[in-house]
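As a basis for the values below, the full set of heavy atoms in this structure was taken, side chains included, without hydrogen atoms, waters or symmetry mates.
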Amino acid sequence: MQEADYLAILKQYWGYDSFRGIQEDIIRSIGEGHDTLGLMPTGGGKSITFQVPALAMDGLCLVVTPLIALMKDQVQHLRQRGIKALAIYAGMNREEIVTTLENCIFGNYKFLYISPERLDTELFRTKLRRMKVSMITVDESHCISQWGYDFRPAYLKIAEIRDLLPGVPVLALTATATPEVVKDIQTQLHFSQGNVFRMSFERENLAYVVRRTENKADELLHILNRQPGSAIVYVRNRRRTKEIASLLQEAGIGADFYHAGLDDATRDIRQQRWQRGESRVIVATNAFGMGIDKPDVRLVIHMDLPDSIEAYFQEAGRAGRDGEKAYAVILYAKSDRTTLLKRIPDNFPQKDYIKDVYEHLQYYYQMAMGDGQGCVKEFDIEDFCRKFKYFPVPVDSALRILTRAGYLEYTDEQDNASRLLFTLRRDELYKLKEMGNEMDLLIQTVLRSYTGLFTDYTFIDEESLATRTGLTRNRVYELLLHLSRLHIASYIPRKKTPYIIYTRGRVDTGQLHISPQAYEERKTRYEKRINAMLDYADNDTICRSRLLLHYFGEKNEHNCGVCDTCLRHRTRHAKEGSTDRELETGIIRLLQEQAMTPAMVAGRLAEDKDRVAKALRQLLEKERIFTENGMLLLKK
């Protein structure tokens, strides 16, 4: 494929005349059939790097992503450009999934977006063998690395998919990866050879700030009143989202709250309202933001410290994607250090505690010794904790460690699509004409859309029914509930439920073994991430941008000049006046003659030794000079 062809596709579908940064290098690499890893910051234009070459190739691009919001958003944008794209996500019934997969085989579609969990189904793998796949794109590819901060076991299935598609190249994309994770991504995805393209993660328009305060609410209001524009405020838990949003509303600032516990319709409405600028601030847990495309966010404020630099960098990076000046602010109190360090025992409780949780789980399900393998159980963590007097957070962590140790599989909250079963016979149903036009329309639409409704529960999708009937999603929900109350149908609304799947029979706790790989090694890495986050927050001497970039293995040679530490240094130096500048000039003149030790410099200058030492530190910070084998040298 010639450069001109890629540019023609870019111009035809996106209206751009040229590529940005490393986009073209990645496109050329994957277009030539090479396994490729692209490291691009949030807002760096990742989607272009797989959408353009996929349009240039014959066949379908399989896009693996965990982000349902991103799937829907990108499919909609592609369709608006006249490009055929589909997605498979939670909430679709089997019939809809089969139709989607058949379209991918026969319908000349260019993109199929799918979550990693769906890769493991027999239905998908059977249909995949008949698809002509041109390339595989793995978004958020850091999730495949067990060394990363956001490892997701379902990503490991991608390597198995590669075995079903020999010769099909893979493009892995991420905005957050340490050098260790970069190497592991390529190993886990079975790259034929190392092939990495890096775009600098530096964001020149983004000022990183840590504001020390013991009154975060007042400081938040102060910042939002001083700095105009759209904002995201991140908090640690769901309860706080509502509290902070209420605080902002009472102060006359338009705000909504958002977390994973809200139903889909509410989340969508609030996200859209914020994206359109109808509400200025969205107060959210870390469930918000992935795949959200709003370029004019002026502020991202963290009320609590995230537990890794990776998570912070990704969330902070949602500010200023339009290239205009923006701020990423952490509000940091003295107690935050203790709170963050407490997450270590919360995430890695003692092994005896983990064994106790395992034992009580058997009592909870009345599981006999040796029984259980293959059993799938709904798990109500609040009920479990109430019965056995536990706290939910360490129990959740214990179950995740037991999952890694191979004794069970503890899933996150799974979206269980709504289910419907008519309890009347079909001929009795047709007699119900007195229930109104809306109900009649809905019943007729349900009967046309789904089969088997009179013999067993059938998965339904209220959003799809709303589209087909012209009713609102909320009205569909109300009508279905009414049918249920009248005992005409049994309606189980969509809910989020965690599951426990026994991967082996119950064992005695004395035989339960948790390996160093499942516990000690992970705990050590988690502690390192926590400490790196605390080092960042506590730092008041090193440029924050440099500190972040260094964490990701990028060695930039200059300070950003706009973070709080850079501004503090600039202010301090300005106050110290010309005498300090004259001393620095004198040191530079000496080092122009020859390399010297600090003692030699102090000996040549008629100045107080402490003042000379301070001037040398400032020159080192500014990188005007450097040390080598104990000697001071001038930077070229």
Side-chain angles (χ1 to χ4, degrees), residues 64 66 68 88-94 97 114-126 143-144 146 150-161 188 260-261 347-349 351 353-388 390 392-419 456-457 459 492 494-509 511-515 517-519 522:
V64 182
I68 291 177
I88 294 176
Y89 47 83
M92 293 172 68
N93 61 39
R94 182 181 171 84
I97 292 170
I114 188 166
S115 66
E117 290 77 16
R118 297 276 167 172
L119 300 176
D120 199 27
T121 64
E122 190 57 40
L123 172 61
F124 173 73
R125 295 193 178 201
T126 301
C143 294
I144 202 171
Q146 298 196 45
D150 195 19
F151 169 64
R152 302 189 189 194
Y155 265 74
L156 297 174
K157 300 294 180 183
I158 300 170
E160 295 175 17
I161 295 299
Q188 296 296 341
N347 279 273
F348 291 89
K351 286 187 176 181
Y353 178 94
I354 297 167
K355 290 179 180 181
D356 285 345
V357 168
Y358 179 80
E359 185 76 359
H360 284 131
L361 199 64
Q362 318 316 319
Y363 301 154
Y364 189 61
Y365 292 127
Q366 299 181 334
M367 194 73 69
M369 198 67 70
D371 285 356
Q373 184 165 357
C375 285
V376 179
K377 302 283 189 181
E378 283 193 19
F379 183 64
D380 185 336
I381 193 167
E382 290 182 7
D383 183 56
F384 178 79
C385 290
R386 201 164 38 245
K387 281 184 175 162
F388 297 104
Y390 286 120
V393 171
V395 165
D396 180 83
S397 301
L399 292 171
R400 292 181 191 284
I401 292 165
L402 286 165
T403 297
R404 290 196 289 268
Y407 290 95
L408 50 85
E409 188 177 321
Y410 171 54
T411 69
D412 284 326
E413 290 181 340
Q414 298 294 305
D415 267 329
N416 283 343
S418 301
R419 287 174 284 171
D456 199 359
Y457 280 103
F459 289 116
I492 303 172
R494 181 176 184 173
K495 64 174 181 174
K496 293 194 167 186
T497 312
Y499 283 92
I500 285 178
I501 303 163
Y502 279 84
T503 50
R504 56 186 292 187
R506 175 186 171 182
V507 300
D508 184 83
T509 52
Q511 296 175 304
L512 195 144
H513 174 66
I514 301 169
S515 69
Q517 291 80 14
Y519 188 86
R522 287 179 178 277

Kindly write out the residues that satisfy ring pair (Phe, Tyr, Trp, His ring centres under 6.0 Å) with Phe348, not counting sequence neighbours, or none if the list is empty. Tyr519, Tyr526
Does the side chain of [Y] come within less than 4.5 Å of [X]'s, by heavy atoms?
X	Y	answer
Lys377	Tyr499	no
Arg152	Pro66	yes
Thr121	Ile97	no
Phe124	Ile161	yes
Ile501	Leu408	no
Phe388	Val357	no
Tyr390	Ile381	no

Compare every heavy atom of [Y] with every heavy atom of [X], then report the nearest pair and how far apart it is.
X	Y	result
Tyr502	Gly372	CB-O, 2.9 Å
Val395	Cys385	CG2-SG, 3.9 Å
Tyr365	Glu378	OH-O, 2.9 Å
Leu361	Phe379	CD1-CE1, 3.7 Å
Gly505	Tyr358	O-OH, 4.0 Å
Lys355	Thr509	O-CG2, 3.6 Å

So how far is it from [X] [atom1] to [Y] [atom2], rounded to the nearest 0.5 Å?
X	Y	atom1	atom2	result
Ile500	Tyr364	CD1	OH	8.5 Å
Leu402	Leu512	CG	CG	6.0 Å
Ile401	Ile514	CD1	CD1	6.5 Å
Ile492	Phe459	CD1	CZ	9.0 Å
Glu160	Asp120	CD	CG	6.5 Å
Asp508	Glu359	CG	CD	7.0 Å

Between Gln146 and Arg522, do the side chains contain a donor N or O and an acceptor N or O under 3.5 Å apart? yes
Using salt bridge (charged side-chain N to carboxylate O under 4.0 Å, His left out) as the criterion, list what pairs up with Lys387, not counting sequence neighbours. Asp383
Not counting sequence neighbours, which residues clear salt bridge (charged side-chain N to carboxylate O under 4.0 Å, His left out) with Glu409? List them please. none
Flag, side chain of Arg506 to backbone of Met367, donor-acceptor distance under 3.5 Å: yes
Under 3.5 Å, side chain of Tyr407 to main-chain N/O of His513, donor-acceptor pair present? yes
Check against side chain to side chain contact (heavy atoms under 4.5 Å, CB included), Leu156 and Phe151: CA-CA 10 Å; Leu156 297 174; Phe151 169 64; 3.8 Å; yes
